[in-house]
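See structure below.
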Amino acid sequence: MFTGIVEEIGEVIGIEQVPNAARLSLSGPLVTTDARHGDSIAVNGVCLTVVDVAGSTFTVDVVHETLQRSSLAKVHVGDGVNLERAAAVGDRLGGHIMQGHVDGTGTYLARDAYGMTRFTLPRNLARYVVEKGSIAVDGVSLTVASVTDDEFAVALIPTTLEMTNLGTKTPGDPVNLEVDVLAKYVERLIAAPAGNASAEPGAHPSDGPGDNAGEKE
């Protein structure tokens, strides 16, 4: 579990193609201080498993499914990425409960002089996003300021712009989105008849299977 409070901006320092996956090497001086093989670290909001740690560098394998459903397929060496270690029992919940399972991708549109920042919103996710509710953008816990059927806006304070990679986004950049998991469970409970466990979690009767990039690999 994660809370969407980014600990540091890491850097992609290597990308290697391995069977059915891409192996990313990332620099993260803070998150590697206690990282071990098998630990979970969210990279731009995607929960990934640490394969190896060497000093301030760690590696993760990103499987084909996750590459298809998140923006990690488009990262390049030198890119800054948001990093957060899994929450420990007893930690403060500064953001909101997040799984690191990306529901879809949006696109950065624009930011005005007051920090109001707009992103596109996939129509199949719009029903889970509400004004003053929570949404994760590249792993950052944010409060929705406004929402329509195809875009939403959040107000970014200077600290968020400085401490996350959202401050370096340019129009057209892709971002990972994770909606509130509680909304998906409520929808399933309401839509599925009692005793029917066949419905896909997070899926709507009129949609295909829900996106779940970032399952622990």
Determine, stepwise, if the pair Glu178 / Val46 fulfils side-chain contact (heavy atoms from CB on, under 4.5 Å). CA-CA 9 Å; Glu178 181 183 339; Val46 181; over 6 Å; no

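- Here the closest heavy-atom approach between residue Arg127 and residue Asn124 is recorded as NH1-O, 2.8 Å.
- Put simply, the side chain of His64 never gets that close to the backbone of Ala21: no donor and acceptor are under 3.5 Å apart.
- At distances below 3.5 Å, not a single donor-acceptor pair connects side-chain atoms of Thr66 with backbone N or O atoms of Val62.
- In this model, a donor atom of one side chain and an acceptor atom of the other lie less than 3.5 Å apart for Thr3 and Glu84.
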Steps toward side-chain contact (heavy atoms from CB on, under 4.5 Å) verdict (Leu48, Ile41): CA-CA 6 Å; Leu48 297 172; Ile41 294 178; over 6 Å; no

Pair Val179, Lys184 - check side-chain contact (heavy atoms from CB on, under 4.5 Å), show working. CA-CA 8 Å; Val179 299; Lys184 293 190 289 184; 4.2 Å; yes

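- Side-chain atoms of Asp52 never come within 3.5 Å of backbone atoms of Thr59 as a donor-acceptor pair (strictly under, hydrogens ignored).
- Here the side chain of Thr148 pairs a donor or acceptor atom with the backbone of Glu151 at under 3.5 angstrom.
- With respect to Arg69 and Asp103, no salt bridge is recorded, no charged nitrogen being found less than 4.0 Å from a carboxylate O.
- The minimum heavy-atom distance between Ser27 and Ile13, with the atom names listed, is CB-CG2, 4.1 Å.
- With Thr120 contributing its side chain and Thr107 its backbone, the two residues share a donor-acceptor pair below 3.5 Å.
- Separating the CD atom in Gln99 from the CE atom in Met1 is a distance of 10.0 Å, to the nearest 0.5 Å.
- Using a 4.5 Å heavy-atom threshold, the side chains of Val12 and Val81 count as touching.
- Side-chain contact between Thr159 and Glu162 is absent, with no heavy-atom pair separated by less than 4.5 Å.
- Heavy atoms of other residues, nucleotides or ligands lying less than 6.0 angstrom from CD1 of Ile97 number 12 at most.
- Note: Tyr108 OH to Thr170 OG1 = 8.0 Å, rounded to the nearest 0.5 Å.
- Ring geometry for Phe119 against Phe152 counts as parallel: the plane angle stays under 30°, on a 0 to 90° scale with 60° as the upper cut.
- Between Ser141 and Met98, the shortest heavy-atom contact is CB-SD, 4.4 Å.
- The shortest non-hydrogen separation linking Pro29 to Ser56 is CA-CB, 3.8 Å.
- By the 4.5 Å heavy-atom criterion applied to side chains, Val137 and Leu177 are counted as neighbours.
- Under a cut-off of 6.0 angstrom, the local environment of CG in Asp34 is crowded, with over 12 non-hydrogen atoms contributed by other residues, nucleotides or ligands.
- Put simply, the side chain of Ser70 never gets that close to the backbone of Leu67: no donor and acceptor are under 3.5 Å apart.
- Atom CZ of residue Phe58 and atom CG of residue Leu26 lie 4.5 Å apart, to the nearest 0.5 angstrom.
- Both Leu24 and Val77 sit in one connected hydrophobic cluster of ILVMFWY residues. Membership requires side-chain heavy atoms under 4.5 Å apart, directly or through other members.
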Check the pair Val144 / Lys132 against side-chain contact (heavy atoms from CB on, under 4.5 Å), numbers first and verdict last. CA-CA 5 Å; Val144 177; Lys132 306 306 178 186; over 6 Å; no

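- If you take NZ on Lys169 and CG on Leu156, they are separated by 11.5 Å, rounding to the nearest 0.5 Å.
- Val175 and Val147 fall within the same hydrophobic cluster, where Ile, Leu, Val, Met, Phe, Trp and Tyr residues are linked whenever their side-chain heavy atoms come under 4.5 Å apart, directly or through other members.
- Put simply, Leu161 and Leu142 are part of the same group of oily side chains (I, L, V, M, F, W, Y) that touch within less than 4.5 Å, one to the next.
- Ion pairing of Lys74 with Asp173 is absent here, as no side-chain N (NZ or NE/NH1/NH2) approaches a carboxylate O to less than 4.0 Å.
- Val31 is connected to Val75 through a chain of hydrophobic side-chain contacts under 4.5 Å among Ile, Leu, Val, Met, Phe, Trp and Tyr, so both are in one cluster.
- The minimum heavy-atom distance linking Asp150 with Arg123 is given by the pair OD2-NH2, 3.8 Å.
- The CD1 atom of Ile135 sits 11.0 Å away from atom OG1 of Thr143, with the distance rounded to the nearest 0.5 Å.
- No continuous path of hydrophobic side-chain contacts links Phe2 to Leu83 [ILVMFWY only; heavy atoms under 4.5 Å].
- The nearest pair of heavy atoms linking Val129 to Leu125 is CG2-O, 3.6 Å.
- For the pair Glu16 (side chain) and Arg23 (backbone), a donor-acceptor distance under 3.5 Å is absent.
- A donor-acceptor pair under 3.5 Å is formed between the side chain of Asn82 and the backbone N or O of Asn165.
- To the nearest 0.5 Å, atoms CD1 (Ile9) and CG (Leu166) are separated by 8.5 Å.
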